[in-house]
Trainee: 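Here it is, the structure in full.
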Amino acid sequence: MDYQTLILGAGAAGMMCAAQAGKSVLVIDHAKAAGEKIRISGGGRCNFTNLHTSPANFISANPHFVKSALTRYTQWDFIEMVAKHGIKYHEKTLGQLFCDDRAKEIIAMLRDEMKQADLWLRTNVIDIRHDGATFSTTVNREGKHHVIRHKNLVMATGGKSIPKMGATGLAYQIADQFGVPVTETRAGLVPFTFSDQRFSGISGCAVDARVQADGPAFDEALLFTHRGLSGPSILQASSYWLEGQDIAVNLSPQLDLYVALRDRRKTDGKKAVTTVLSQYLPNRLVEHLSPMLNIRGNLADQSDRVLQDLADKLHQWRITPHGTEGYRTAEVTLGGIDTNALNSKTMAVKAMPNLYFIGEAVDVTGWLGGYNFQWAWSSGWVAGQAISAQS
């Protein structure tokens with residue numbers, strides 16, 4: 001059985017690549033349906049790209065690597081495809097675009113775009129070999145073994161995140177087999193955990209916060225959970241966090257609490273500090289933090305110095321997570337195929353030009369908010385274009 005191109009992985013990057021790669025393309029996935037991560041993303045509505053996509057929104061050992069793909073296939077190109085297929089969408093916040101209806105519309109669009117390609121689901125890879133000119137891949141499909149000979153191999157199998165959905169890290173195994181270096185991987189866009197479950201008493205409490213690890217600060221919601229901290233601001237910061245580091249949390253980034261409390265002291269001096277503070281922060285959070293803040297008495301009893309100290313603790317709260325929830329709930333995998341081994345214009349391995357790595361498998365990780373999907377579209381598109389140009 002011969003094909004020009006075999007694509008392993010019928011996810012966002014794999015399907016986009018198949019749509020561009022021309023004829024004689026076979027896409028294989030072990031899942032029962034294509035695009036499972038697309039289906040569950042964005043609460044079932046798929047945050048398919050971001051209006052503000054730029055190289056600055058991506059993490060990689062080589063931050064320049066993403067520029068070529070993102071420039072050649074932009075968010076506007078994907079939005080044009082979405083519009084062409086009549087899919088209604090809206091901007092939610094911070095440039096994030098979602099389907100008005102269901103994420104399945106994006107999957108259907110990609111399936112239509114790749115209709116020239118063959119798709120085998122519920123198919124597992126047994127062995128991959130290369131004789132110097134041609135790949136031979138043995139797969140198990142419906143209990144039968146098939147040997148597929150093909151010129152190009154595209155690895156679009158993703159990373160290790162969300163193993164319950166079938167994530168296996170196969171791309172890293174294939175990279176190792178063919179001598180392609182892989183950078184250290186870890187869970188990204190993932191909640192923080194605390195072994196003492198210190199926030200279990202305020203689980204479900206949320207606040208708009210500014211959170212920063214060893215990278216940019218993110219102003220978005222923070223959610224307290226039984227296990228620790230979650231919410232968009234936490235997930236964003238987690239991609240820049242390393243074990244043992246602390247994070248900085250500003251619980252009131254839009255309001256100077258010192259100024260607010262000082263001014264309220266003139267009119268509400270007889271009220272308890274916690275009562276007034278609860279008008280700016282969730283009451284449950286204020287009660288939880290009271291022992292740390294050493295809050296006592298009425299507002300009128302507090303000097304400027306005491307109020308400033310209180311405000312500083314709330315604006316500059318530093319806390320050290322014990323860990324993260326790991327790949328079990330991580331939205332992405334940080335690290336992966338070393339970009340130094342890849343051609344940024346084609347996503348092919350420099351030393352083996354018919355072997356391609358695209359999407360999440362590569363050491364490129366986007367911020368939360370549609371950026372990782374855009375990387376899938378862009379990297380899949382450039383690889384597909386490069387393959388199509390061969391014929």
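Computation of the quantities below employed the complete heavy-atom set of this structure, encompassing side-chain atoms and omitting hydrogens, waters and symmetry-equivalent molecules.
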Trainee: What's the spacing between Trp381 CH2 and Gln385 CD if we round to 0.5 Å?
Mentor: 4.0 Å
Trainee: Could you check whether Asp309 pairs with Arg305 (Lys NZ or Arg NE/NH1/NH2 to Asp/Glu carboxylate O, under 4.0 Å)?
Mentor: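 Salt bridge: no.
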Trainee: For Glu360 and Thr333, which I'm curious about, is there any donor-acceptor pair between the side chains at under 3.5 Å?
Mentor: yes
Trainee: Given 3.5 Å as the limit, does a donor-acceptor pair link the side chain of Glu91 with the main chain of Phe98, or not?
Mentor: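 Between the backbone of Phe98 and the side chain of Glu91 there is no qualifying donor-acceptor contact (under 3.5 Å).
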Trainee: Kindly give the heavy-atom pair with the smallest separation between Pro321 and Gln245, and that separation in Å.
Mentor: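 Here Pro321 and Gln245 meet closest at CD-O, 3.6 Å.
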Trainee: When you measure from the side chain of Asn372 to the backbone of Gln374, do you find a donor-acceptor pair of N or O atoms at a distance under 3.5 Å?
Mentor: no
Trainee: Is there side-chain contact between Leu310 and Leu261, with at least one heavy-atom pair below 4.5 Å?
Mentor: yes
Trainee: Is there a donor-acceptor contact under 3.5 Å from the side chain of Ser238 to the main chain of Val190?
Mentor: yes
Trainee: Short question: side chain of Thr74, backbone of Leu70 - any donor-acceptor pair under 3.5 Å?
Mentor: no
Trainee: Give me the atom names and distance for the closest heavy-atom approach of Thr123 to Trp120.
Mentor: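 Heavy-atom minimum between the residues: OG1-CB, 3.5 Å.
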Trainee: Just wondering, do Ile387 and Tyr356 contact through their side chains at under 4.5 Å, heavy atoms?
Mentor: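 Yes, side chains in contact.
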Trainee: Are side-chain N/O atoms of Thr53 and Asn50 paired as donor and acceptor at under 3.5 Å?
Mentor: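 Per modelled atom types, Thr53 and Asn50 side chains form no pair under 3.5 Å.
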Trainee: Ala187 and Gly326: which non-hydrogen atoms are nearest, and at how many Å?
Mentor: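 So the minimum-distance heavy-atom pair works out to CB-C, 3.6 Å.
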Trainee: Quick one: are Glu36 and Asp29 in side-chain contact, heavy atoms under 4.5 Å?
Mentor: no
Trainee: Name the orientation class of the two ring planes belonging to His150 and Phe135 (parallel below 30°, tilted from 30 to 60°, perpendicular beyond 60°).
Mentor: parallel
Trainee: Hey, what do you get for CZ (Arg262) to CG (Leu299), rounding to the nearest 0.5 Å?
Mentor: 12.0 Å
Trainee: Give the ring-plane orientation class for Phe78 versus Phe48, where under 30° counts as parallel, over 60° as perpendicular and anything between as tilted.
Mentor: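 Geometry flag for Phe48 against Phe78: tilted rings.
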Trainee: Under a 3.5 Å cutoff, is there a donor and acceptor pairing between the side chains of His322 and Ser195?
Mentor: yes
Trainee: Examine the side chains of His85 and Glu113 and answer whether a donor and an acceptor come within less than 3.5 Å of each other.
Mentor: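 His85 vs Glu113: donor-acceptor pair found between side chains.
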Trainee: Counting only N and O atoms by type, is there a donor-acceptor contact under 3.5 Å from the side chain of Ser203 to the main-chain atoms of Ser200?
Mentor: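 Answer holds: no.
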Trainee: Rounded to the nearest 0.5 Å, how far does CG of Leu51 lie from CD1 of Ile79?
Mentor: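 One gets 5.0 Å once the value is rounded to the nearest 0.5 Å.
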Trainee: Is the shortest heavy-atom distance from the side chain of Tyr327 to the side chain of Thr185 under 4.5 Å?
Mentor: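 They are in contact (side-chain heavy atoms under 4.5 Å apart), so the answer is yes.
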Trainee: Is a side-chain N or O of Thr71 found less than 3.5 angstrom from the main chain of Lys67, in a donor-acceptor match?
Mentor: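 Side chain of Thr71 to backbone of Lys67: a pair is present.
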Trainee: Side-chain contact, heavy-atom cut-off 4.5 Å: Arg265 with Asp304?
Mentor: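 Arg265 reaches Asp304 side chain to side chain.
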Trainee: Within a strict 4.5 Å, meaning less than it, do heavy atoms of the His52 and Tyr371 side chains meet?
Mentor: yes
Trainee: Is it the case that atom NZ in Lys350 sees more than 12 heavy atoms from other parts of the structure closer than 6.0 Å?
Mentor: yes
Trainee: For the side chain of Arg210 and the backbone of Ser233, is there at least one donor-acceptor N/O pair under 3.5 Å apart?
Mentor: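 Not at all, since once roles are kept as given, no pair shorter than 3.5 Å links the two residues.
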Trainee: Students often mix this up, so state it plainly: with edges at 30° and 60°, are the rings of Phe373 and Trp377 parallel, tilted or perpendicular?
Mentor: parallel
Trainee: Check whether Thr346 reaches the backbone of Ala383 with its side chain - one donor and one acceptor, N or O, closer than 3.5 Å.
Mentor: no
Trainee: Any chance the side chains of Asn294 and Arg296 put a donor and an acceptor closer than 3.5 Å?
Mentor: yes
Trainee: Give a yes or no on whether a salt bridge exists between Arg122 and Glu142, defined as a side-chain N under 4.0 angstrom from a carboxylate O.
Mentor: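 Answer for the salt bridge query: no.
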Trainee: Short question: side chain of Asp2, backbone of Ile148 - any donor-acceptor pair under 3.5 Å?
Mentor: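 No; judged by distance alone, with no hydrogens or angles, the pair does not exist.
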Trainee: Does the plane of the ring in Phe192 sit parallel, tilted or perpendicular to the ring in Trp241? Use 30° and 60° as the thresholds.
Mentor: perpendicular
Trainee: Would you check if the side chain of Asp363 reaches a backbone N or O of Ala61 as a donor-acceptor pair within less than 3.5 Å?
Mentor: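 Checking the backbone N and O of Ala61 against the side chain of Asp363, a donor-acceptor pair under 3.5 Å is found.
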Trainee: Closer than 4.0 angstrom, basic N to acidic O: yes or no for Lys270 and Asp268?
Mentor: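 Not counted as a salt bridge, because no side-chain N and carboxylate O are separated by less than 4.0 Å.
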Trainee: Under 4.0 Å between a side-chain nitrogen and a carboxylate oxygen: does that hold for Arg102 and Glu105?
Mentor: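 No salt bridge links Arg102 with Glu105.
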Trainee: For a 4.5 angstrom cut-off between non-hydrogen side-chain atoms, does Leu334 reach Ile59?
Mentor: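 With C-beta onward as the side chain, the pair touches.
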